[in-house]
Structures are given as structure tokens and as C-alpha cells.
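Notes follow once the structure below has been shown.
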Amino acid sequence: TDELFEVRINYKDPGESESHDTLKWPVKTADIARRTSTDYNFACSVASFGHILRGSEHAAALSIDDVISMAKSNLGKDEGGYRVDYLVLLKEYKSLTK
């Protein structure tokens, strides 16, 4: 599913001893992606690529195309050109694994 986790809160009103029903908020992938910075999202692409290289179980939901797309759309400030170099590396990896 696209739900990552659920936040649950139990509470008591001041002076009362009985808890109220739990408040619940599902947190979905889109909620996180909308609120993160370019740097965070780029770092996620690097971590995801690491999972792919290791054959990690966490990489099962990602393809190299997903990682390339994530990196490409989050280049941000790239004063040293390192992010573009990383993107080139991803494309080379993709060409080698066809």
C-alpha cells in the first residue's frame, strides 16, 4: 500500500481518569514526498541505489528508472557537479544491467 505508517494518540482530559478513543492519522508516501527538501529526496535516491546494488529486500519496490527519476528531479544546487556525475553513473549502471 502507499501507507507508510499510522500516528496514534491516546489522551485524557485534565482531571479525568478515563482515556478517550485513539486519534489516528495515516501517513502516506505522497504526504512525505510533498514535504521533503530537494537535498533529502536526492539523498533518498542515493540510499535507494545502494539497496539496489546490495540486492536488498528494501529495493524490491524500486527500479533503476525510479532512482534515476528521483535523482533527476532533485538535482538542486550542484556547485561541484557531483549530482550530475551521480546521474551519469546511474545511467551507466542501467546500460550495463540491461
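In this chain, numbering begins with 1 at the start of the sequence shown. Note that the coordinates shown come from a computational prediction; the quantities given were computed from them, not determined experimentally.
The ring-ring contact (aromatic ring centres under 6.0 Å, His included) test applied to Tyr11 returns His20, not counting sequence neighbours. Residues passing the salt bridge (charged side-chain N to carboxylate O under 4.0 Å, His left out) test with Lys72: none are found, sequence neighbours excluded. Checked against side chain to side chain contact (heavy atoms under 4.5 Å, CB included), Val88 has the following partners two or more places apart in sequence or in another chain: Glu92. Annotation: side-chain hydrogen bond (donor to acceptor under 3.5 Å, both in side chains) contacts of Ser73 (sequence neighbours excluded): none. For Ser17, there are no side-chain hydrogen bond (donor to acceptor under 3.5 Å, both in side chains) partners at least two apart in sequence or on another chain. Checked against side-chain hydrogen bond (donor to acceptor under 3.5 Å, both in side chains), Glu6 has the following partners two or more places apart in sequence or in another chain: Arg8. Tyr82 is linked by a side chain to side chain contact (heavy atoms under 4.5 Å, CB included) to Asp78, counting only residues two or more places apart in sequence or in another chain. In this structure, the salt bridge (charged side-chain N to carboxylate O under 4.0 Å, His left out) partners of Asp39, at least two apart in sequence or on a different chain, are Arg83. Considering only residues two or more places apart in sequence or on other chains, Tyr93 meets the ring-ring contact (aromatic ring centres under 6.0 Å, His included) condition with Phe49. Scored by the side-chain hydrogen bond (donor to acceptor under 3.5 Å, both in side chains) test, Lys94 finds Asp65 as partners (sequence neighbours excluded).
Put simply, CG on Asn74 and OG1 on Thr38 are 5.0 Å apart, with the number rounded to the nearest 0.5 Å. The distance from the OG atom of Ser48 to the CD1 atom of Ile68 is 12.5 Å, given to the nearest 0.5 Å. Rounding to the nearest 0.5 angstrom, the gap separating the CD1 atom in Ile9 from the CG atom in Leu23 is 6.0 Å.
Under a hydrophobic clustering in which Ile, Leu, Val, Met, Phe, Trp and Tyr are joined whenever their side-chain heavy atoms come within less than 4.5 Å, directly or via other members, Leu53 and Phe42 fall into the same cluster. In this structure, Leu89 is not a member of the same hydrophobic cluster as Leu96, with clusters built from ILVMFWY side-chain heavy atoms closer than 4.5 Å. Val46 and Met70 fall into different hydrophobic clusters, where Ile, Leu, Val, Met, Phe, Trp and Tyr side chains are chained together by heavy-atom contacts under 4.5 Å. Note on Leu75 and Ile64: same hydrophobic cluster, where clusters join Ile, Leu, Val, Met, Phe, Trp and Tyr whose side-chain heavy atoms are under 4.5 Å apart, directly or indirectly.
The closest side-chain heavy-atom distance from Ser45 to Tyr86 is below 4.5 Å. With a 4.5 Å cut-off on side-chain heavy atoms, Leu90 and Val67 count as touching.
A side-chain donor from one of Thr36 and Asn41 sits under 3.5 Å from a side-chain acceptor of the other.
Summarising the geometry of Glu3 relative to Pro26, their closest heavy-atom pair is OE1-CB, 3.4 Å, with the distance given to 0.1 Å.
Asp66 places no side-chain N or O within donor-acceptor distance of the main-chain N or O of Leu62, the cut-off being under 3.5 Å.
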